*Asks:* 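Below is a structure I'd like to ask you about.
Because the structure is a prediction, the values reported are computed rather than measured.
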Amino acid sequence: MNTIVRRLSQREIYFMKCLKIQAVIFCRIPIHLGMKWRTLLMLWMVFPFAVQAQPENSFSVDSRAIYFPASVTHSSQSLANYILKNFHTDEGRIRAAYRWVTANIRYDKDSMLSINWSKENDEKIAATLRRKKGVCDNFASLFTDILVKMDMPAFVVSGYCRTTGSIFNQAHSWTAVKLKENWLLCDPTWDINYAQSPRYFLIPPEDFIQSHWPFDPLWQLLPHTVSYQSFERGFAFSNEKGPALNVGDSVRAFAALDQLQQMEAAARRMKAADVRQGAQNNWYAYNQMNIAIIHGERNMQLYNAAVNELNEASKLFNKYAAYRNDLFQPARPDEEIREMLYPVKALILAAKQKTTTIASAKENFQYDTGDLSQKLATLNKKVDEQISFLMRYVTTDVLERQKLFYR
């Protein structure tokens with residue numbers, strides 16, 4: 001039988017050395033000192049190992065997470081790096097981020113207008129850390145961004161919440177996070193400065209839906225969605241069941257989309273649910289506005305790229321025209337002459353594809369591609385005529401070629 005030999009880690013080597021030293025000391029204690037001293041020594045020998053084996057429990061995480069060095073609190077990335085280094089389980093790291101945010105960010109309604117609307121996410125998070133205050137969107141966005149920077153799947157969720165038995169008619173924000181194979185929910189705003197233990201930390205979806213109803217049905221994270229009417233009546237789990245949902249596959253597919261596709265998918269789900277009123281309707285409109293903005297930016301990039309390609313194609317064609325006017329002098333190999341217009345043709349094709357994309361986009365309200373398309377068509381016609389000329393040129397006897405320029 002083969003023996004498998006495992007290399008000891010540095011930590012194991014250290015513990016073995018400690019045991020050896022402590023055993024030598026123990027053996028050299030005079031017997032007349034009695035069992036009292038030997039017992040104390042044995043406790044001393046075991047103590048370091050007991051400390052090393054102590055689990056990362058909630059109390060130890062909370063007590064250490066309230067106060068981080070000021071140098072790491074200026075960005076979500078530095079906070080994430082510090083947590084990764086000093087906490088050693090996924091749940092401990094999530095709790096450390098949660099505890100720091102709830103203990104160090106102050107709720108302030110005045111921040112709603114000053115640092116939320118029309119802000120890019122990075123700008124909003126930077127402002128939250130700089131001011132150390134915000135509203136629910138700031139709490140959820142900062143907490144979520146720290147998780148994401150630790151490579152943990154997490155998303156900000158917006159919706160309605162129930163307080164003291166009634167639905168709060170303004171939008172609220174919280175966080176969905178994946179721990180191991182389960183999606184759980186956290187509301188850092190509702191756990192600000194918790195004393196003993198958080199009430200809204202890593203809550204299963206079936207419990208969280210009792211007080212939080214997301215605008216996008218996906219983020220209920222339930223196998224059957226709960227209607228707004230059921231949530232409004234105060235019993236989230238009734239005999240009424242919405243469409244079936246495979247939570248894991250659905251969220252995985254959503255996460256694979258880019259930002260624009262995610263917004264469009266959320267809009268489709270909300271439209272299919274057909275429950276858009278009050279704050280939900282405002283959120284839907286805001287989502288649609290962001291979709292239009294992203295489409296506008298993409299259309300602008302496509303339009304500018306198409307213009308650049310047209311200009312480059314015109315430049316190359318004019319270079320070819322000048323060479324033809326010189327009767328293809330100085331002389332070049334036939335193959336090189338025949339291929340002179342291929343790059344021009346490729347640029348025209350690329351520009352036409354971009355203008356077609358812009359023209360077919362229903363969200364395009366800014367760019368009229370008619371003039372650009374006409375210029376591309378005119379140049380393309382000239383290029384096709386010259387490609388036909390080149391084919392005749394290279395297939396004509398050398399002594400007869402010069403006549404082709406005067407026909």
Side-chain angles (χ1 to χ4, degrees), residues 58 89-95 97-99 101-102 136-137 139-141 143-144 147-148 152-192 194 196-255 262 265-266 268-270 272-280 283:
S58 300
T89 66
D90 285 347
E91 185 170 355
R93 288 165 175 169
I94 296 171
R95 187 171 182 119
Y98 193 77
R99 183 53 167 159
V101 169
T102 58
C136 58
D137 185 46
F139 280 83
S141 297
F143 173 57
T144 301
L147 300 183
V148 171
M152 294 182 179
F155 292 90
V156 176
V157 182
S158 294
Y160 287 123
C161 60
R162 182 189 308 283
T163 57
T164 62
S166 59
I167 296 176
F168 190 53
N169 61 6
Q170 294 185 9
H172 185 58
S173 296
W174 56 91
T175 297
V177 57
K178 187 178 183 182
L179 178 60
K180 297 179 181 177
E181 295 304 315
N182 299 315
W183 280 95
L184 302 168
L185 296 141
C186 305
D187 187 345
T189 310
W190 281 16
D191 270 329
I192 294 174
Y194 63 83
Q196 299 295 328
S197 61
R199 297 180 58 194
Y200 299 95
F201 176 70
L202 297 180
I203 305 300
E206 59 270 21
D207 295 330
F208 207 74
I209 193 64
Q210 305 297 332
S211 56
H212 295 69
W213 189 84
F215 295 146
D216 181 352
L218 173 68
W219 295 112
Q220 292 185 21
L221 301 170
L222 295 169
H224 289 276
T225 56
V226 173
S227 70
Y228 176 78
Q229 289 75 18
S230 291
F231 181 74
E232 187 177 35
R233 288 195 297 265
F235 49 98
F237 287 101
S238 64
N239 293 327
E240 172 191 354
K241 287 187 175 180
L245 178 72
N246 186 315
V247 174
D249 290 346
S250 298
V251 177
R252 193 178 302 111
F254 178 82
Q262 288 181 352
R268 287 193 297 271
R269 285 189 293 267
M270 290 181 64
D274 197 28
V275 184
R276 297 200 308 274
Q277 41 79 37
Q280 186 186 25
W283 191 89

*Asks:* Of the options Leu184, Leu185, Ile94, which is the one that meets Phe201 in a side-chain contact (heavy atoms from CB on, under 4.5 Å)?
*Replies:* Ile94
*Asks:* Would you check if the side chain of Asn246 reaches a backbone N or O of Asp249 as a donor-acceptor pair within less than 3.5 Å?
*Replies:* yes
*Asks:* Enumerate donor-acceptor pairs with a distance under 3.5 Å from any side-chain N or O in residues 172-181 to protein atoms, sequence neighbours excluded.
*Replies:*
residue: His172; atom: NE2; partner: Asp187; partner atom: OD1; Å: 3.3
residue: His172; atom: NE2; partner: Asp187; partner atom: OD2; Å: 2.8
residue: Ser173; atom: OG; partner: Ser158; partner atom: OG; Å: 3.3
residue: Thr175; atom: OG1; partner: Ala140; partner atom: O; Å: 3.4
residue: Thr175; atom: OG1; partner: Thr144; partner atom: OG1; Å: 2.8

*Asks:* What are the two closest heavy atoms between Cys186 and Leu202, and how far apart are they?
*Replies:* SG-N, 3.3 Å
*Asks:* For Gln262, does the CD atom sit with more than 12 other heavy atoms under 6.0 Å from it, leaving out its own atoms?
*Replies:* yes
*Asks:* For Tyr194, is there any backbone N or O sitting under 3.5 Å from a side-chain donor or acceptor partner on Arg99?
*Replies:* yes
*Asks:* Is the shortest side-chain heavy-atom distance between Leu218 and Val251 below 4.5 Å?
*Replies:* yes
*Asks:* Please verify the inter-ring angle class for His212 with Trp190; under 30° counts as parallel, over 60° as perpendicular, anything in between as tilted.
*Replies:* tilted
*Asks:* May I ask you to decide if the ring planes of Tyr160 and Tyr228 are parallel, tilted or perpendicular, using 30° and 60° as cut-offs?
*Replies:* tilted
*Asks:* If we ignore hydrogens and angles and just use 3.5 Å, is the side chain of Asp191 paired with the main-chain N or O of Pro198 as donor and acceptor?
*Replies:* no
*Asks:* So, for Phe208 and Trp183, is the gap between ring centers shorter than 6.0 Å?
*Replies:* no
*Asks:* On a heavy-atom basis, which atom in Ala266 and which in Asp216 lie closest, and how many Å separate them?
*Replies:* CB-OD2, 3.4 Å
*Asks:* Is the ring centre of Phe155 less than 6.0 Å from the ring centre of Phe254?
*Replies:* yes
*Asks:* With a 4.5 Å limit on heavy-atom distance, are the side chains of Leu221 and Pro204 in contact?
*Replies:* no
*Asks:* Looking at Val226, is its backbone amide N or carbonyl O close enough to the side chain of Gln220 to form a donor-acceptor pair, meaning the two atoms are under 3.5 Å apart?
*Replies:* yes
*Asks:* On a heavy-atom basis, which atom in Thr189 and which in Cys136 lie closest, and how many Å separate them?
*Replies:* OG1-CA, 3.2 Å
*Asks:* Can you name the residues that form a side-chain hydrogen bond (donor to acceptor under 3.5 Å, both in side chains) with Ser211, not counting sequence neighbours?
*Replies:* none
